[in-house]
Amino acid sequence: MQYDVVAEIGGKRFKQKNVNYYSAFRGKWIDVHISIIEPTKGDESTVAAFDKSLRYEDSRPTGTEEGGSPSRSDPVPDQEAFQLLRDGSLYYMKRDYKNSIGSYSKALELEKKKPTLDKVSFRVLIDNLGMAYGISGDLKQAKETFEYGITKDGEYPMFYYNLACTYAEMNDMEGAITQLKHAFQYRDNQNPGERMPDPTRDDSFQRFMTNERFTSALREIMNKSM
């Protein structure tokens, strides 16, 4: 998962690129967060190289699990959604949205039948799947994905924010305003390390930035959240 924010350090504003890696290995959840101030093209190459270098190493003796019990050669069934989430994220980071949708959507179907993902993992799944649909031009599926996420985690602000972006891409200004209100209402419920994006700088909302109704509503929303 990657996203850009505007950070303020010592009174100066900088563009900050954030890259999060989420995965699971033998029942452990792994979270790697990279933050880059004023990123350059060279930084993108560094991140890409880091992505390729990621691997898991198990130092335990062959044939044992924690506690010395025999290991299982077959995958743990409850880890299937994690693996699909990981695969989808690897495709997503490479901007291969078609394949990321394939893996993410399978993970979501498993979650609907039998939830196994923790809260952060589920949020990443919905966010990235919805955005992959949106970037690919399938706004209907993007909307349905974020709406489903809201039914399961109704106080997570990024589901509403990304749904607002989807409405904006559909040219539905009122829908975008409504969802932005919800997003900023719950802004304190973000994942560790996340920051609420600035909608005034978001490409999705630029079409409305000359509309007094939208800019007035946006000022009111953002002022209330301060």
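Computed from a predicted model, the values in this text were never measured in an experiment.
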Salt bridge between K113 and E109, side-chain N to carboxylate O under 4.0 Å? no
First locate atom CG of L117, then atom NZ of K114, and finally report the distance between them rounded to the nearest 0.5 Å. 12.0 Å
Ignoring hydrogens and geometry beyond distance, is a side-chain donor-acceptor pair present between T200 and D198 at under 3.5 Å? yes
Report the relative orientation of the aromatic rings in F214 and F208; use parallel for angles under 30°, tilted for 30 to 60°, perpendicular for over 60°. tilted
Could you give me the CA-CA distance, side-chain angles and deciding distance for R207 and E169, then say whether side-chain contact (heavy atoms from CB on, under 4.5 Å) is met? CA-CA 9 Å; R207 70 191 70 200; E169 296 296 337; 2.9 Å; yes
Looking at every heavy atom in both A183 and P157, which two are closest together, and how far apart are they? O-CB, 3.2 Å
How many angstroms lie between CG in L218 and CG in N211, if you round to the nearest 0.5 Å? 11.5 Å
K181 with E220: basic N within carboxylate O range, under 4.0 Å: no
Can you confirm whether N189 sits close enough to Y156 that some side-chain heavy atom of one is under 4.5 Å from a side-chain heavy atom of the other? no
Are side-chain heavy atoms of K143 and Y133 found at a separation under 4.5 Å? no
Do you reckon Y104 sits in the same ILVMFWY cluster as V120, going by side-chain contacts under 4.5 Å, direct or chained? yes
Residue pair F205 / T215, side-chain heavy-atom distance below 4.5 Å: no
In terms of hydrophobic clusters joined by side-chain contacts under 4.5 Å, are L90 and L110 together? no
Common cluster, M158/Y186, ILVMFWY with side-chain heavy-atom separation under 4.5 Å: yes
Non-hydrogen side-chain atoms of H182 and F159 separated by less than 4.5 Å: no
Answer yes if the side chains of Y160 and T178 hold a donor-acceptor pair under 3.5 Å, and no otherwise. no
Candidate list L85, V124, I101, test side chain to side chain contact (heavy atoms under 4.5 Å, CB included), partner L129, passing option: I101
Locate the shortest heavy-atom distance separating G130 from A142; write the atom from each residue and the value. O-CB, 3.4 Å
Whether the Q190 and Y161 side chains hold a donor-acceptor pair (N or O, under 3.5 Å, no angle test) is what I'd like checked. no
Checking Y148 against T145 for the side-chain contact (heavy atoms from CB on, under 4.5 Å) test, could you report, in this order, the C-alpha distance in whole Å, the side-chain angles of both residues, the deciding distance, and whether it holds? CA-CA 5 Å; Y148 178 77; T145 300; 5.9 Å; no
Value for OG1 (T166) from CE (M131), rounded to nearest 0.5 Å, stands at 10.0 Å
Please tell me whether Y97 and Y91 form a close aromatic pair, meaning their ring centres lie under 6.0 Å apart. no
Could you check whether any side-chain heavy atom of F184 comes within less than 4.5 Å of a side-chain heavy atom of P199, counting everything from C-beta outward? yes
To the nearest 0.5 Å, how far apart are CG in N128 and OG in S100? 7.5 Å
Any side-chain heavy-atom pair from E174 and R213 closer than 4.5 angstrom? yes
R187: which of M196, E194, M222, R195 passes side chain to side chain contact (heavy atoms under 4.5 Å, CB included): M196
Quick check: are there more than 12 heavy atoms from other residues, nucleotides or ligands sitting under 6.0 Å from NZ of K98? no
Which pair of non-hydrogen atoms, one from S204 and one from A168, has the smallest distance, and what is that distance? O-CB, 3.3 Å
Okay, side chain of S105, backbone of G102: is any donor-acceptor separation there less than 3.5 Å? yes
Nearest heavy-atom contact between I221 and I177 is CD1-O, 3.9 Å
On a heavy-atom basis, the closest approach of I126 and F146 is O-CE2, 3.6 Å
Would a 4.5 Å heavy-atom cut-off, applied to side chains only, mark R86 and S103 as touching? no
A81 versus T116, closest heavy-atom pair with distance: CB-OG1, 3.8 Å
Could you please spell out the steps behind the side-chain contact (heavy atoms from CB on, under 4.5 Å) verdict for K152 and E111? CA-CA 11 Å; K152 300 298 180 181; E111 280 298 289; over 6 Å; no
